[in-house]
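Every chain is numbered from 1 and lettered A, B, ... according to where its sequence line falls, protein lines coming before strand lines.
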Amino acid sequence: MAQNLYQKVFDRHVVGRLSSGQYQVLIGLHLVHEVTSPQAFALLRDRGLKVKFPHRTFATVDHIIPTEIRDRQRPLQDAMAEEMLQAIENNTREHGISFFGAKSGHQGVVHVIGPELGLTQPGQTIACGDSHTSTHGAFGALAFGIGTSQVADILATGTMTLGRLKVRRINVTGKLAPGVYAKDVILAIIRKLGVNGGVGYAYEYAGPVVEAMSMEERMTLCNMSIEGGARIGYVNPDETTFAYLKGREYAPGAADWDKAVAYWKGIASDPDATFDDEVTIDGSTLAPHVTWGITPAQSVAVDEAIPAAASFPESERPLIEEAYEYMSLEANRPIAGVPVDVVFIGSCTNGRLSDLQEAANAVTRAVQANPGLKVPASVRALVVPGSEPVQKLAEEQGLDKIFTDAGFQWREPGCSMCLAMNPDKLKNREVSASTSNRNFKGRQGSPSGRTLLMSPVMAVAAALTGKVTDARTFFNLSK
Amino acid sequence: MQAPAAVIETVTGRAVPLRGNDIDTDRIIPARYLRTVTFDGIGEHAFEDDRRGLAAKGQVHSFDKPEYQGGNILFVNKNFGCGSSREHAPQSLMRWGIEAIVGESYAEIFFGNCVSLGIPCAVVDEGTIEKLLAAAEADATATWTLDVKAQELRGPVTVPVTFVDGPRQQFLTGKWNPMSELLSNMDAIEKVADGLPYVSGKW
């Protein structure tokens, strides 16, 4: 019987049925970071348990690490951050787990380094105590976020308890216009299906737009599945996937390569596979998207106005009113022109090399058209590479200089202002144009701070103009 | 961090009404309180920014209202607990005193974390939650019983509720903390691992 990827990969990892009727599922790759793991390691210690598959467990430090060189000196100035860093160093050493710390050459956001190292591969089950684990679905893996008790379950047994999800295929047809990116596609999908539209589903992204995407674009797409309520999002593996993986440190070597590719092709959705639901979105009509509210579904195209509450179902209106008030934005006001104080380019959503290349190209284009153009003094603009390899490659290409010459700050890798667990935070009511994934109240470190989500190129336009600006016209990105 | 597993058939106590769709985990526990290697003390920070934000406007969050102190059954709307996977969110609710939740829907990772902590999350429809919220707002002293076995909430208003079947069985058999059962299947785990080329290295 024809099966989709979700069904095939799930079935291959089932250890058995539990007494509750749920499945015990093997997790073949467990990624660990400093925030959601210390309590799990403590539990193992209390119960005298070992890590079942230390060679399938990999750790880094990303959430709490400062992004300015002077602040990365040990001990870290923040005693709590230092305690967390020491905990993951000690826990990984004690259990024989690979740990990629600062200056290891591989430290970075856990969802950037997994793919970069070739750890993330098609057909795997991948879990991490972080909701953006869905990112790894770009490779055709079942990858999802878990809580700390489940981190402990996987550390101790290599397995966890799961029910089966339904699968919704989202077809993105046509071709994206210049200036429109994977970030805009996922924001448009979440706007259409809602922040809880994906609850109970895995999303399979398909169609010509997705097939044409690079692996890094597919990662951006899958990354924000969870913002649409889907714990898992994936793309079927294809030649783009295999070409990305070939030669990476943890990818199968030359002797195994052909067998691995055959295996990976075998777990893709069958041509006649069925789905519990299908949705089609016309990619050709999409424009750059910007969030205006306090959930990732509250977005508009950059040439649209903020919608009126009356245009939403009655049950959603209280949240719309709450968003107007929190953001100090009113209905029917164009989103373009909203002033910004801070620009953040980075995160597991948009902190990869191609994101920084697109952003740097946009800076270059603007400076060529308008020599001497810089980020205005009123705007603080941070560029935070997703990992040490991204940082190194970007610097080799001179991207850091393009940014700093134009008034951006070039930082060390980490999660940074996506969730502001390190020193990078908004202050008071500041408005941030951010390439990250969540515009929740208080998300970027100030309880009253405001976030507008957008693509890296849109963030560059906001940085150079001090307000939300249509990147297509500002950079003259015509067809 | 995990209480010894026990059978959970009912949760009885007072309700805490909390209105609003899409209440995310950053609101339940702001990220700055994740800078810790334990879950100790995070109960007092549950909804901290929302509580302060309302207080600044002269309003009072349910978690600050004297009449709801000691309440243990939380009534919520739609997509509660969306956002991050942080178990700190249900941990902070549990440590504040919440033992069960009744609402329209839950984000999936939050829901799974609640199961691991022995917090049953019951589902009711939009019309029903409105009645329950109104009842809890009208009388904070009322006693409610969430009956996992009978799939019913009894109180000033008595309504049928639904649970996801697998987790419901986990509560009723005391196996909501699954680690012991997971540990008991080591032979089967080894067998599946050995058959997966990327785990065994045998392509």
Side-chain angles (χ1 to χ4, degrees), chain A residues 12-13 15-16 18-22 24 26 28 35-36 38-39 42-43 53 56 64 80-81 83-84 87 121 123-124 129-131 145-150 152-153 156-159 161 163 195-196 199 229 231 252 256 259-260 263 295 315-316 318-319 419-421 438 440-443 447, chain B residues 1-2 19-22 24 26-27 30-32 34-39 48-50 52-53 78-79 82-88 90 105-109 112-113 116-117 126 164-170 173 175 177-179 181-183 185-186 188-189 192-193 195-199 203:
Chain A
R12 288 179 193 212
H13 290 80
V15 169
L18 297 166
S19 56
S20 62
Q22 292 169 291
Q24 180 172 9
L26 190 124
V35 179
T36 55
Q39 299 91 341
L43 181 87
F53 297 118
R56 297 303 306 158
I64 53 106
M80 285 187 284
E83 188 182 4
M84 296 173 84
Q121 296 167 19
Q124 296 178 333
D130 191 286
S131 60
I146 54 175
T148 298
S149 295
Q150 293 162 333
D153 290 343
T157 74
T159 67
T161 306
V195 286
N196 63 348
V199 173
R231 195 178 186 183
D256 294 322
K259 281 187 227 166
Y263 182 88
T295 83
S315 67
E316 289 178 32
L319 193 69
L419 83 171
M421 282 188 70
R438 290 192 174 134
F440 296 156
K441 285 180 169 182
R443 171 75 179 182
Chain B
M1 98 192 188
Q2 285 161 307
R19 287 181 185 270
N21 290 339
D22 305 321
D24 60 70
D26 278 82
R27 290 172 67 174
R32 60 185 179 278
L34 275 51
R35 286 162 47 257
T36 168
V37 296
T38 71
F39 291 121
E48 182 160 301
D49 291 345
D50 276 7
R52 285 190 186 170
K78 206 178 287 174
N79 199 28
C82 61
S84 116
S85 67
R86 59 187 72 166
E87 189 172 300
H88 308 66
S105 64
Y106 307 90
E108 232 154 281
I109 306 177
N113 287 336
S116 296
L117 298 179
E126 189 177 339
V164 178
D165 192 52
R168 176 169 170 264
Q169 292 305 323
Q170 288 179 269
T173 56
K175 289 180 175 171
N177 176 351
M179 192 188 279
E181 195 177 2
L182 297 176
L183 279 166
N185 296 329
M186 275 303 166
I189 293 170
V192 172
L196 290 164
Y198 75 94
V199 177
W203 283 99

Tell me, for Arg12(A) versus chain B, whether the close heavy atoms (under 4.5 Å) come from the side chain, the backbone, both or neither. both
Please tell me if the side chains of Arg438(A) and Ser84(B) come closer than 4.5 Å, counting only heavy atoms from C-beta onward. yes
State, with a plain yes or no, whether a side-chain heavy atom of Tyr263(A) is found less than 4.5 Å away from one of Leu196(B). yes
Gln121(A) versus chain B, the contacting section by heavy-atom distance below 4.5 Å: side chain
Do you know which two heavy atoms are closest between Ser85(B) and Gly145(A), and how far apart they sit? CB-C, 4.4 Å
Do Ser19(A) and Glu181(B) meet the criterion of a side-chain donor-acceptor pair at a distance under 3.5 Å? yes
Ser20(A) side chain to Gln170(B) main-chain N or O, any donor-acceptor pair under 3.5 Å? no
Checked Asp26(B), Asn79(B), Thr36(B), Val37(B) vs chain A; the most non-hydrogen pairs under 4.5 Å come from Val37(B)
As an exercise: rank Gly83(B), Cys82(B), Gly20(B), Gly53(B) by heavy-atom pairs under 4.5 Å with chain A and give me the winner. Gly83(B)
Heavy-atom distance under 4.5 Å between the side chains of Val199(A) and Ser105(B), does that happen here? no
As an exercise: rank Ile189(B), Val164(B), Leu183(B) by heavy-atom pairs under 4.5 Å with chain A and give me the winner. Ile189(B)
Would a 4.5 Å heavy-atom cut-off, applied to side chains only, mark Glu87(B) and Thr36(A) as touching? no
Atom group of Pro167(B) that falls short of 4.5 Å from chain A, counting heavy atoms: both
Honestly, the part of Leu419(A) sitting under 4.5 Å from a heavy atom of chain B is both
Which class fits the ring pair His13(A) and Tyr198(B): parallel under 30°, tilted 30 to 60°, perpendicular over 60°? tilted
Under 4.5 Å from any heavy atom of chain B - which part of Glu83(A): both
Identify the heavy atoms of Val15(A) and Val192(B) that sit nearest to each other, and give their distance. CA-CG2, 3.9 Å
Could you look at Leu18(A) and say if it's the side chain, the backbone, both or neither that has a heavy atom under 4.5 Å from chain B? both
Hey, does Met179(B) have a side-chain heavy atom less than 4.5 Å from the side chain of Leu43(A)? yes
Using modelled atom types and a 3.5 Å cut-off, is there a donor and acceptor pairing between side-chain atoms of Gln24(A) and backbone atoms of Leu182(B)? yes
Of the listed residues (Ile64(A), Thr295(A), Asp130(A), Ile146(A)), which shares the most heavy-atom pairs with chain B below a 4.5 Å separation? Ile146(A)
Taking Asn21(B) for its side chain and Ser315(A) for its backbone only, find out whether a donor-acceptor pair lies under 3.5 Å. yes
Which residues share a side chain to side chain donor-acceptor pair (under 3.5 Å) with Arg35(B), sequence neighbours left out: Asp78(A)
So, the part of Asp22(B) with a heavy atom under 4.5 Å from chain A: the answer is side chain
Residues two or more places apart in sequence or in another chain: which of them pass salt bridge (charged side-chain N to carboxylate O under 4.0 Å, His left out) with Arg52(B)? Glu48(B)
Heavy-atom distances under 4.5 Å only: say whether Ala260(A) touches chain B with side chain, backbone, both or neither. both
From the list Thr173(B), Asn113(B), Asn185(B), Ile109(B), the residue making the most non-hydrogen contacts under 4.5 Å with chain A is Ile109(B)
For the side chain of Asp49(B) and the backbone of Pro447(A), is there at least one donor-acceptor N/O pair under 3.5 Å apart? no
Could you have a look at Ala81(A), Ala87(A), Gly123(A), Pro38(A) and say which one has the most heavy-atom pairs with chain B under 4.5 angstrom? Pro38(A)
If you count heavy-atom pairs under 4.5 Å between each of Arg32(B), Glu126(B), Arg27(B) and chain A, which one has the most? Arg27(B)
Any side-chain heavy-atom pair of Phe39(B) and Gln39(A) under 4.5 Å: yes
